[in-house]
Amino acid sequence: MGTVSFLLVVVVLTALAFDFTNGFHDTANSMATSIATGALRPRVAVALAGALNLAGAFLSTAVAKTISGGIVDDAKVSLVMIFAGLVGALLWNLLTWLAGLPSSSSHALFGGLIGAVWVGAGGSAVQFGAVVEMILIPAVVSPLVACVVALLATYFAYVITRRTAPDQARRGFRRGQVGSASLVALAHGTNDAQKTMGVITLALISTGALAHDSAPPWWVVLISGMAIALGTYTGGWRIIRTMGKGLTDIEAPQGFAAETSATAVILASSHMGFPLSTTQVCTGSILGAGLGRRLAQVRWGVAGRIALSWLLTLPAAAAVGGAAAWTAGHGTAGVALVAAVAAAAAAGFWALSRHRPVTPDNVNELPARSAERVEQPAV
Amino acid sequence: MDIHWAALGGVFGVSLGITLLTVVLFSLGVAAQPRDDGAGHGGARSHGAHRTATATAVLCFCACLAVAVYGLTLIIGG
């Protein structure tokens, strides 16, 4: 019993820590282009995104889905595997944040779980058909769809406003961006906060603290919403810089087109039951907005590094998740060891980030050389 | 392996349609907005044109707002 309670507390804390990284990893999705075009001041933007994420956590009437979504066999998932999967996802999120790369938090979570379940319960517990259908195909398709939609939208926005005074156009589109960015942030809160609620609820059910098929208790909704909102408010400035300034030069009409495309693709797909990664949709639409304006420069080197991080996210999180599951499988001491190593690694990543900090004050500057160095994956 | 081409095509078609509708309407609104500086304006005719322009812009922005509210209902409805 002592072991179970200790493990449960560790799982809940790890889930909240993951939720926090999920928040600050994804601030860029909704706010990067608004910050880059000056539609919102950096600190105002993250405060707005944080508040909307918190609101989003409470708004959705959908019950927090099963965390795995059919990718692994839920009946074979133990508390230790959930913990190990969360550690894998958490560490990959921190590493990509350090490198300023917008990788998908959902893919990291799925990857960590796949690795942990594979090691803990064998390869048969991983449903590879579902992995292809729910992760691989959307991962290829969603950025392309968002890119094409944003490209056309940007093109039309510039054609229609070509006789408009540049000042007037910029002011108009900046105001529009506040609305479009807010919708992305709200949609994000309803989607991503649910994942952590699902993890914590499943952990509570598996220890018998909650009845089977229970909805998340109010305090789980509250702490999950607060963790993701706090993470969002903290702002992953490194990723915001990459998405707002690194990938391409964004002007207000492009920002509006990119955010509107991202919102439309996310809502259309979630409405039609087609799972997409918010991060990949937003990155794709920013790339499309860059391609849709004549003379806009798209930095393909940055785009390539982002694509590489997407390829690596699932296997890398799975490897860490698997190793953590193997270690944590050796009883309480193993769990404590994994938790200690994860905490030390997180502290190490944070310390490394202090060498070349990206803050609200320098988020819109792109020092060419240091940006190159910062963005080198540290693997 | 089961690829839902219909769902994929649906997502692409719907998001393309909604996005273009919103962005085109918003751009028309921005373009229709009367110039604030008022340079070269004066007389009854341009006063009428000013009003028409303002009405067009307001109409466009209201249509965009309607799309946004629809999006909001989709988010809240889950």
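Lettering follows sequence order; numbering is per chain, from 1. Note: hydrogens, waters and symmetry copies are ignored here, and every other heavy atom, side chains too, is used. Keep in mind the model is a prediction, meaning the values are calculated, not measured.
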Between [options], the one whose heavy-atom pairs under 4.5 Å with chain B are most numerous:
options	answer
A/Thr164, A/Leu144, A/Val149, A/Ile266	A/Val149
A/Val265, A/Asp167, A/Thr154, A/Val148	A/Val265
A/Ala150, A/Ala146, A/Ala157	A/Ala157

Would you say A/Phe128 has more than 12 foreign heavy atoms packed within less than 6.0 Å of its CZ?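 Atom CZ in A/Phe128 is crowded, with more than 12 foreign heavy atoms closer than 6.0 Å.
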Which of residues 12-19 of chain B have a heavy atom under 4.5 Å from any heavy atom of chain A?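 Under the 4.5 Å heavy-atom cut-off, B/Phe12, B/Val14, B/Ser15, B/Leu16, B/Ile18, B/Thr19 qualify.
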By a 4.5 Å heavy-atom criterion (distance strictly below it), what part of A/Val141 contacts chain B: side chain, backbone, both, or neither?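 Only the side chain of A/Val141 comes within 4.5 Å of chain B.
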Region of A/Ser261 in contact with chain B, defined by heavy-atom distances below 4.5 Å: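 Backbone plus side chain of A/Ser261, per the 4.5 Å heavy-atom cut-off to chain B.
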Give the minimum heavy-atom separation between B/Leu72 and A/Leu183, together with the two atoms involved.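 Nearest heavy atoms, B/Leu72 then A/Leu183: CD1-CD2, 3.6 Å.
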Going from [atom1] on [X] to [atom2] on [Y], what distance comes out if it is rounded to the nearest 0.5 angstrom?
X	Y	atom1	atom2	answer
B/Leu20	A/Thr260	CG	OG1	10.5 Å
A/Leu186	B/Ile75	CG	CD1	4.5 Å
A/Ile160	B/Leu25	CD1	CG	8.5 Å

Would you list the pairs meeting ring-ring contact (aromatic ring centres under 6.0 Å, His included) in which at least one residue belongs to residues 136-173 of chain A, sequence neighbours left out?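 ring-ring contact (aromatic ring centres under 6.0 Å, His included) check on residues 136-173 of chain A returns A/Phe173-A/Phe256, A/Phe173-B/Phe26.
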Has the side chain of A/Gln168 got a donor or acceptor atom that lies under 3.5 Å from a matching backbone atom of B/Gln33?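 Between the backbone of B/Gln33 and the side chain of A/Gln168 there is a qualifying donor-acceptor contact (under 3.5 Å).
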